[in-house]
Amino acid sequence: MSGAARTNTRDIARAAVRAELAQVAFELFRQEGFAKVTLDDLAAAAGVSRSTFLRYFGTKEDAVLGAFNAHGTQVADALRARPADEDDWTALRRALDTVIERYRLDPAGSLEMTRLVRDTPALCARQLEKQHGWRPAPKPSPSATAPPGPRH
């Protein structure tokens with residue numbers, strides 16, 4: 001077996017474990033409330049050690065919000081792939097389809113996840129922090145980088 005195939009299989013297995021841990025965490029948060037659940041509770045419910053759980057998710061917040069990690073990149077990539085002659089609003093709307101598909105496939109689960117994030121201050125704050133990170137870094141304006149000229 002080649003190294004690439006082994007890595008690919010390992011990545012697939014890791015993604016499957018991560019998805020299972022996230023699902024267990026979501027169910028426990030729904031039942032008990034985010035604030036009441038500890039990392040030890042999450043690990044026990046998933047049947048893994050605390051250190052194993054932490055290898056996949058550094059925090060409780062990450063166990064819930066990990067599903068959103070790729071959204072910014074997905075939208076940016078989809079936006080770059082839109083036709084150049086398409087108007088901005090249509091291009092943005094179509095690019096958002098990449099992340100909205102999940103909501104179409106599981107509207108009830110998506111609503112529960114949204115409510116959990118919205119109703120939990122720590123999750124809401126962390127989600128806003130993540131979304132802020134999706135913004136491109138501002139580029140300096142030409143006037144800010146131009147050498148000062150003579151004053152009149």
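- Remark: Leu96 CG to Gln74 CD distance equals 11.0 Å, nearest 0.5 Å.
- Taking both residues in full, the closest heavy atoms of Leu28 and Asp41 are given as CD2-O, 3.7 Å, listed atom of the first, atom of the second, then distance.
- Judged purely by atom type and a 3.5 angstrom limit, Arg18 uses its side chain to pair as donor or acceptor with the backbone of Tyr56.
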Worked check of side chain to side chain contact (heavy atoms under 4.5 Å, CB included) between Arg126 and Asp62: CA-CA 9 Å; Arg126 183 72 177 112; Asp62 290 342; 4.0 Å; yes

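- Atom-to-atom distance recorded for Phe53:CZ and Asp40:CG is 10.5 Å, nearest 0.5 angstrom.
- Residue-environment remark: CG (Asp88) stays at or below the threshold of 12 foreign heavy atoms within 6.0 Å.
- The two residues Ala35 and Lys60 come nearest to each other via the heavy atoms O-NZ, 3.9 Å.
- Criterion: ILVMFWY side-chain heavy atoms under 4.5 Å apart, direct or through other members. Under it, Val99 and Phe26 are not part of a common hydrophobic cluster.
- Between the CG atom in Leu123 and the CE atom in Met113 there is a gap of 9.0 Å [rounded to 0.5 Å].
- In summary, Arg14 and Asp11 do not engage in a salt bridge, as defined by a charged side-chain N under 4.0 Å from a carboxylate O.
- Between Glu32 and Lys36 there is no salt bridge, since no side-chain nitrogen of the basic residue lies less than 4.0 Å from a carboxylate oxygen of the acidic one.
- Scanning all heavy atoms of the two residues, the minimum distance from Ala25 to Ala63 falls at CB-CB, 3.9 Å.
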Audit row: Gln127, Thr120, side chain to side chain contact (heavy atoms under 4.5 Å, CB included) steps and yes/no: CA-CA 10 Å; Gln127 177 65 1; Thr120 307; over 6 Å; no

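- Under a hydrophobic clustering in which Ile, Leu, Val, Met, Phe, Trp and Tyr are joined whenever their side-chain heavy atoms come within less than 4.5 Å, directly or via other members, Val17 and Val24 fall into different clusters.
- A salt bridge does not link Arg115 with Glu112: none of the charged nitrogens is closer than 4.0 Å to a carboxylate oxygen.
- For the salt bridge (charged side-chain N to carboxylate O under 4.0 Å, His left out) test, residues two or more places apart in sequence or in another chain that qualify with Asp77 are Arg80.
- No continuous path of ILVMFWY side-chain contacts below 4.5 Å connects Val75 to Leu105, so the two sit in separate hydrophobic clusters.
- Of all the heavy atoms in Leu42 and Phe29, the pair that sits closest is CD1-CZ, 3.8 Å.
- The side chain to side chain contact (heavy atoms under 4.5 Å, CB included) check on Ala122 picks up Phe34, Glu61, with sequence neighbours excluded.
- Under the 4.5 Å side-chain heavy-atom criterion for ILVMFWY residues, a single connected hydrophobic cluster contains both Tyr103 and Leu65.
- In terms of heavy atoms, Ser110 sits closest to Arg102 at OG-O, 3.6 Å.
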